[in-house]
Amino acid sequence: MSELEKQLSQSGIEAIQALFGEKTDEKQLQWQQTRKDFKGDITLVVFPLLRISKKSPEQTAEAIGKYLKDHSDLVEDFNVVKGFLNLSISAAFWLNFLKENTSLSNFGFKSPKSKSKVMVEYSSPNTNKPLHLGHLRNNFLGYSIANILEAEGHEVFKVQIINDRGIHICKSMLAWEKFGNGETPESSNMKGDHLVGKYYVIFDQKYKEEIAQLQEQGMDEEAAKKEAPLMKEAQQMLRKWEEGDAEVRALWEKMNGWVYDGFASTYQRMGVDFDKLYYESDTFLIGKEKVLEHEKNGLLYRKEDGSLWIDLSSEGLDDKLLLRADGTSVYMTQDIGTAIIREEEFACESYYYVVGNEQDYHFKVLALVLQKMGFKWAKGIQHLSYGMVDLPSGKMKSREGTVVDADDLMEEMKQTAARISEDLGKLDGMNDAEKEELYEMIGMGALKYFILKVDPKKQMLFNPEESVDFNGNTGPFIQYTHARIQSILRKAGKGNVENLGHSEAVENEDVDLLKSLYLFPQVVTEAAEQKSPALIANYAYDLVKTFNSFYQNTTPILKEESESIKNRRLCICELVGQTLRNAMGLIGVKLPEQM
RNA sequence: GGCUCCGUAGUUCAAUGGAUAGAAUAGAAGUUUCCUAAACUUUAGAUGCAGGUUCGAUUCCUGCCGGAGCUACCA
């Protein structure tokens with residue numbers, strides 16, 4: 001609840017006491033923004049109060065409105081439409097708001113570390129192929145949610161767990177060994193993650209050939225998949241890895257190293273980072289240890305073949321495997337271990353896992369298993385489940401080559417930005433390096449905004465054609481508006497908040513912007529509660545719409561003759577610019593001075 | 001089959017149980033002697049179907065229809 005709403009609620013409670021003789025609390029007073037088609041700034045919904053007033057909605061609203069106008073300095077005027085009491089807030093209130101927040105670089109943010117410690121896990125890729133569009137959504141979301149939680153006052157640790165071991169990387173290793181002829185990122189001039197991914201694809205192709213061959217010889221498909229020599233070799237390699245075979249480990253380290261180099265440049269371009277990395281190859285054994293410890297207190301049981309299970313039937317779920325018959329650990333085991341280590345190292349209040357909604361069940365089970373093991377902190381585990389990214393052609397499938405590669409996509413966005421910028425030709429006075437930087441800023445801004453403006457929980461469609469259209473509700477639209485604002489401030493200089501009068505009239509266009517700006521701190525809070533960068537993106541878009549309308553439909557500020565209006569508008573411009581930088585910063589989008 | 005999530009203009013997205021369901025894009029019509037036209041202004045167009053709860057339902061409940069995901073000794 002905003003300060004304005006709090007103060008109005010106080011007055012409202014007084015009004016109800018005076019008019020209807022009953023005490024109420026804040027919860028009965030429902031505030032909302034006044035819709036654009038009506039006069040007023042903030043609206044009280046009076047329906048819930050009819051029980052107390054025992055009068056019609058109109059009469060109730062009328063009476064409260066009159067009381068507020070007479071008794072509150074904030075309320076300048078009011079009107080009633082059905083059960084809605086629309087209040088006009090005094091100019092002094094808006095001017096004071098402007099005065100207090102212009103030049104505040106952290107407008108909208110809470111003081112750092114004023115709230116609990118939290119952890120955000122995101123990205124967490126496999127190391128056998130390069131990152132794709134799905135990872136982009138994951139990374140942008142994770143990074144942004146971490147920013148938002150930090151802005152809300154939390155101390156935030158960003159981590160990821162890298163799935164660096166398993167059959168997937170063995171497949172790439174085997175294919176490279178057999179068909180690679182010693183190819184390296186240097187010799188092929190290919191990013192390491194792409195090179196390793198290439199051999200993952202080669203494995204799949206050769207494997208399919210073998211299956212087809214076996215089927216021709218009369219074997220059924222199921223058996224052929226199991227009996228194909230390549231698959232057997234890959235599994236053999238995995239066993240050797242687990243045994244610590246020096247040769248396999250060396251190859252594994254070499255190829256993972258290539259992948260990490262590739263990932264590092266991709267992460268850098270994405271603009272994301274981490275405070276700590278966990279590697280599955282380190283944590284899977286710890287998970288196994290932890291699980292075995294809990295076998296002793298009877299929580300777990302063994303099947304005849306020696307596999308270890310937990311019974312979740314009392315929670316309405318199936319039994320879950322924690323250790324295979326051969327004693328090796330599964331994904332769940334490893335996540336249990338990682339969670340315990342994290343608690344030991346960081347002791348956070350909440351652990352957020354940014355992972356796709358295909359794993360809803362997994363995280364439900366993970367939290368449950370840990371709680372059953374007696375870890376109270378496990379209640380703080382929250383799966384930030386986001387929807388899949390689909391293409392117009394349907395689902396992305398790596399095997400069918402329909403994945404959109406992250407590096408390619410980022411480069412394409414930049415090229416598009418460059419092409420459009422050059423066509424428009426507004427970059428006089430910028431040197432080539434500055435232009436390159438700008439193209440990157442615009443391309444990445446477009447991409448991040450395109451992905452983050454959608455509610456994370458919802459499945460989204462990525463249409464490549466629409467993503468390179470930089471008009472309308474897009475990142476470049478917001479960047480463009482910022483550039484316009486900065487241009488005004490460069491030419492006219494900043495306004496002076498000390499010269500903002502207290503009693504002067506304020507034009508509607510100015511009030512519209514001030515109302516919109518006033519919302520920002522609450523939007524940040526709401527975004528933190530919902531873990532939704534989309535709320536920030538949509539807010540920024542609304543603010544920009546309002547600003548552009550103001551910009552285009554009022555007298556140009558540079559030509560404004562009234563010093564008082566000019567000064568106020570310059571202050572508003574400054575605060576809009578700052579708010580846009582703060583908001584877009586939360587979703588990882590940079591704003592240019594010129595474009 | 002069981003469990004979970006989702007169905008809003010042609011399309012992509014919005015809408016703490018509240019007013020006449022907002023934008024963008026595609027369509028139609030306009031705006032540059034004026035701070036950057038990646039903009040602004042006007043116009044037309046949507047809640048899958050049937051019930052229920054409520055003063056009030058896109059939102060909550062039930063059923064149906066349609067789509068996605070999970071239901072691995074993969075991660």
Side-chain angles (χ1 to χ4, degrees), chain A residues 30-32 34-38 43 45-48 50-51 57 81-84 86 124-126 128 163 165-168 280 303 305 307-309 316-318 321-326 328-332 334-335 355-362 364 385 387-388 390 392 395 417 420-421 423-424 426 442 446 450 453-455 457-463 465-467 469-481 483-492 526 529-530 534-535 537-538 541-542 544-545 548-560 569 573 594-595:
Chain A
Q30 267 185 50
W31 298 104
Q32 58 182 252
T34 304
R35 292 182 70 112
K36 286 203 179 92
D37 336 312
F38 301 98
T43 295
V45 184
V46 301
F47 294 107
L50 302 184
R51 189 183 50 78
V81 182
K82 295 193 243 177
F84 299 88
N86 303 322
S124 301
N126 288 350
N128 61 321
N163 301 299
R165 54 134 228 155
I167 192 73
H168 49 83
E280 191 190 329
K303 286 194 174 171
D305 62 3
S307 56
L308 191 62
W309 296 71
L317 303 176
D318 295 333
L321 176 89
L322 295 181
L323 287 179
R324 295 191 185 94
D326 63 7
T328 57
S329 54
V330 291
Y331 180 42
M332 184 62 70
Q334 178 262 119
D335 259 6
V355 181
N357 63 11
E358 61 204 345
Q359 294 192 37
D360 285 355
Y361 185 74
H362 173 79
K364 200 172 163 184
S385 165
M388 297 288 99
D390 287 337
K395 213 171 136 64
I420 294 174
S421 298
D423 285 352
L424 291 172
K426 298 185 192 176
I442 296 172
F450 190 88
K453 74 177 176 184
V454 181
D455 182 343
K457 290 194 287 292
K458 292 192 175 172
Q459 180 177 107
M460 69 167 286
L461 186 83
F462 185 89
N463 186 329
E465 278 174 43
E466 282 177 23
S467 73
D469 178 357
F470 293 172
N471 296 312
N473 187 0
T474 64
F477 174 64
I478 292 167
Q479 291 172 320
Y480 175 67
T481 304
R484 273 178 155 181
I485 290 170
Q486 297 309 100
S487 171
I488 293 172
L489 293 174
R490 272 196 303 275
K491 287 175 180 161
E526 186 68 17
E529 272 166 19
Q530 294 192 26
L535 297 180
N538 289 329
Y541 176 66
D542 277 343
V544 161
K545 284 284 284 181
N548 276 328
S549 188
F550 158 94
Y551 179 92
Q552 211 113 7
N553 297 313
T554 60
T555 310
I557 293 171
L558 299 180
K559 297 214 155 71
E560 177 59 56
R569 291 191 168 162
C573 283
Q594 179 190 348
M595 72 183 269

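Hydrogens, waters and symmetry mates are skipped; everything else that's a heavy atom, side chains included, is used. Letters A, B, ... are given to chains in the order of the sequence lines, protein chains preceding strands, and every chain is numbered from 1.
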Original post:
Between A:Asp326 and A:Thr328, is there a donor-acceptor pair closer than 3.5 Å when you use the side chain of the first and the backbone of the second?
Top reply: yes
**OP:** Assign A:Ile442 to base, sugar-phosphate, or nothing according to its heavy-atom contacts below 4.0 angstrom with the strands shown.
**Re:** base
**OP:** Under the ring pair (Phe, Tyr, Trp, His ring centres under 6.0 Å) rule, collect the residues that match up with A:His168, sequence neighbours excluded.
**Re:** none
**OP:** Using a 4.0 Å cut-off on protein heavy atoms (strictly under), produce a 5'-to-3' string for nucleotides 6-11 of chain B with B for base contact, S for backbone-only sugar-phosphate contact, and - for none.
**Re:** -S---S
I'd like a table of atom pairs between the protein and nucleotides 69-73 of chain B - only N or O on both sides, under 3.5 Å - with the distance next to each one.
unit_1: B:C73; atom_1: O3'; unit_2: A:Arg324; atom_2: NE; d: 3.4
unit_1: B:C73; atom_1: N4; unit_2: A:Asp305; atom_2: OD2; d: 2.1

Subject >> Rounded distance in Å - CD (A:Gln334) to C1' (B:A75) >> reply: 9 Å
Subject >> Base-pairing string, 5' to 3', of RNA chain B - Watson-Crick or wobble, under 3.5 Å, | interstrand >> reply: (((((((..((((....[...)))).(((((.......)))))....(((((..]....))))))))))))....
Original post:
Can you check the A:Leu535 CG to B:U16 C1' distance for me, whole Å?
Top reply: 11 Å
Original post:
Stacking between A:Tyr480 and the base of B:U36 (centre distance under 5.5 Å, interplanar angle under 30°)?
Top reply: no
Original post:
Looking for any heavy atom pair under 4.0 Å, which part of the strands does A:Glu560 touch: base, sugar-phosphate only, or nothing?
Top reply: nothing
**OP:** Output the single nucleotide from B:C34, B:C13, B:A39 whose closest atom is nearest the side chain of A:Arg484.
**Re:** B:A39
**OP:** Could you tell me the separation between the CZ atom of A:Phe462 and the P atom of B:C13, rounded to a whole number of Å?
**Re:** 12 Å
Subject >> Atom pair distance, as rounded to whole Å: CD1 in A:Ile478 and C1' in B:A24 >> reply: 12 Å
**OP:** Determine the contact category for A:Ser487: base if any of its heavy atoms lies under 4.0 Å from a base atom, sugar-phosphate if only primed atoms, P, OP1 or OP2 are that close, otherwise nothing.
**Re:** base
**OP:** State, with a plain yes or no, whether a side-chain heavy atom of A:Asp390 is found less than 4.5 Å away from one of A:Met460.
**Re:** no
**OP:** Report which part of the nucleic acid A:Asp542 touches: base, sugar-phosphate, or nothing (heavy-atom distance under 4.0 Å, all strands).
**Re:** nothing
Original post:
Any side-chain heavy atom of A:Phe84 within less than 4.5 Å of one from A:Val46?
Top reply: no
Original post:
Can you give one letter per nucleotide of nucleotides 27-32 of chain B, going 5' to 3': B for a protein heavy atom under 4.0 Å from the base, S for sugar-phosphate only, - for none?
Top reply: ------
**OP:** Starting from the 5' end of RNA chain B, give me the residue, A:Asp390 or A:Asn553, whose nearest nucleotide shows up first.
**Re:** A:Asn553
Subject >> Rounded distance in Å between the C1' positions of B:A24 and B:C65 >> reply: 30 Å
Subject >> A:Asn548 and A:Arg484: side chain donor to acceptor below 3.5 Å >> reply: yes
**OP:** Could you state the atom-to-atom distance from CD of A:Glu280 to C1' of B:A75 in whole Å?
**Re:** 8 Å
Original post:
Between the side chain of A:Thr554 and the main-chain N/O of A:Phe550, is any donor-acceptor distance below 3.5 Å?
Top reply: yes
Subject >> Beyond-backbone contact of A:Cys573 with A:Ile557, side-chain heavy atoms, under 4.5 angstrom >> reply: yes
**OP:** List the atom of A:Asp469, the atom of A:Thr474, and the distance in Å for their closest heavy-atom pair.
**Re:** O-CG2, 3.4 Å
Original post:
What is the distance, rounded to the nearest whole Å, between atom CZ of A:Phe470 and atom P of B:A39?
Top reply: 12 Å
**OP:** Round to a whole Å and report the spacing from CG of A:Asn548 to P of B:U36.
**Re:** 13 Å
Original post:
Hey, does the side chain of A:Asn471 come within less than 4.0 Å of B:A39's phosphate (OP1/OP2), counting only N and O?
Top reply: yes
Table of protein N/O atoms under 3.5 Å from nucleotides 17-23 of chain B N/O atoms:
unit_1: B:G18; atom_1: N7; unit_2: A:Gln30; atom_2: OE1; d: 3.2
unit_1: B:A19; atom_1: OP2; unit_2: A:Arg35; atom_2: NH1; d: 3.1
unit_1: B:A19; atom_1: N7; unit_2: A:Gln32; atom_2: OE1; d: 3.4
unit_1: B:A19; atom_1: N6; unit_2: A:Thr43; atom_2: OG1; d: 3.0
unit_1: B:A19; atom_1: N6; unit_2: A:Asn86; atom_2: OD1; d: 3.4
unit_1: B:A19; atom_1: N1; unit_2: A:Asn86; atom_2: OD1; d: 3.1
unit_1: B:U20; atom_1: OP1; unit_2: A:Lys82; atom_2: NZ; d: 2.8
unit_1: B:G22; atom_1: OP1; unit_2: A:Arg35; atom_2: NH2; d: 3.4
unit_1: B:A23; atom_1: O2'; unit_2: A:Tyr541; atom_2: OH; d: 2.8

**OP:** Apply side chain to side chain contact (heavy atoms under 4.5 Å, CB included) to A:Glu560 and list each qualifying residue two or more places apart in sequence or on a separate chain.
**Re:** A:Thr555, A:Ser562, A:Ile565, A:Lys566, A:Arg569
**OP:** Output all residues satisfying side chain to side chain contact (heavy atoms under 4.5 Å, CB included) with A:Lys453, sequence neighbours left out; order by chain, then residue number.
**Re:** A:Tyr449, A:Asn473, A:Ala537, A:Asn538
Subject >> Counterpart residues, salt bridge (charged side-chain N to carboxylate O under 4.0 Å, His left out), relative to A:Arg324 (two or more places apart) >> reply: none
**OP:** Please list, chain by chain and in numerical order, all residues satisfying salt bridge (charged side-chain N to carboxylate O under 4.0 Å, His left out) with A:Arg165, sequence neighbours excluded.
**Re:** A:Glu242, A:Glu280
Original post:
Say you pick atom P in B:G30 and the same atom in B:C35; how far apart are they, in whole Å?
Top reply: 24 Å
**OP:** Describe the nucleic acid contact of A:Ser421 in one word from base, sugar-phosphate, nothing, applying a heavy-atom distance below 4.0 Å.
**Re:** base
**OP:** Would you mind reading off the distance between A:Ile167 atom CD1 and B:C74 atom P, rounded to a whole angstrom?
**Re:** 10 Å
Original post:
At their closest point, which heavy atom of A:Phe47 faces which heavy atom of A:Pro57, and how far apart are they?
Top reply: CE2-CG, 4.2 Å
Subject >> Any residue meeting side chain to side chain contact (heavy atoms under 4.5 Å, CB included) with A:Lys545, in chain and number order, not counting sequence neighbours >> reply: A:Phe477, A:Tyr541
Original post:
Which residues pass the side chain to side chain contact (heavy atoms under 4.5 Å, CB included) test with A:Ser307, sequence neighbours left out?
Top reply: A:Lys303, A:Asp305, A:Trp309, A:Leu321, A:Ala325
**OP:** Kindly point out which of B:A39, B:C35, B:C40 is positioned nearest to the side chain of A:Lys491?
**Re:** B:C35
Original post:
Taking for each residue the nucleotide of RNA chain B bearing the nearest heavy atom, is the 5' side occupied by A:Arg165 or by A:Thr555?
Top reply: A:Thr555
Subject >> A:Tyr331 and A:His362 aromatic ring geometry - parallel, tilted or perpendicular at 30°/60° bounds >> reply: parallel
